[in-house]
Amino acid sequence: MAVAFGYAQAELTLASGDQQLAIARIESSIDYTPRKTTLEKLAKAMCITLDQLLVE
């Protein structure tokens with residue numbers, strides 16, 4: 001299980017309300033471009049700004 005910003009996929013799934021598959025696709029970067037709203041939910045779940053999420 002991959003970890004982003006110290007969060008496991010399962011934690012981000014619960015905190016953001018997104019599906020774990022979407023989070024796994026974002027981490028793998030394999031032919032997947034997430035929606036801005038998805039990224040905003042993830043940033044909010046991690047208590048960071050969207051800019052901080054995109055920089056990493």
Side-chain angles (χ1 to χ4, degrees):
M1 180 181 303
V3 177
F5 287 91
Y7 292 88
Q9 287 181 7
E11 291 173 309
L12 289 176
T13 300
L14 289 173
S16 69
D18 282 317
Q19 295 181 353
Q20 189 168 354
L21 178 59
I23 295 169
R25 284 180 163 174
I26 291 168
E27 287 184 338
S28 69
S29 301
I30 299 174
D31 297 325
Y32 179 72
T33 304
R35 292 186 217 161
K36 183 178 178 184
T37 55
T38 299
L39 295 175
E40 289 170 339
K41 287 181 195 176
L42 291 173
K44 184 177 180 180
M46 293 185 280
C47 299
I48 61 173
T49 65
L50 183 57
D51 288 337
Q52 289 172 306
L53 179 65
L54 298 176
V55 168
E56 294 295 318

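What you see below is based on every heavy atom in this structure, not just the backbone, and it leaves out hydrogens, waters and symmetry mates. Because the structure is a prediction, the values reported are computed rather than measured.
- Across all non-hydrogen atoms, the minimal contact from Pro34 to Leu39 is CG-CD2, 3.7 Å.
- Partners of Ser16 by side chain to side chain contact (heavy atoms under 4.5 Å, CB included), not counting sequence neighbours, listed by chain and number: Asp18, Ile23, Lys41, Leu42, Ala45.
- Using a 4.5 Å heavy-atom threshold, the side chains of Lys36 and Glu40 count as touching.
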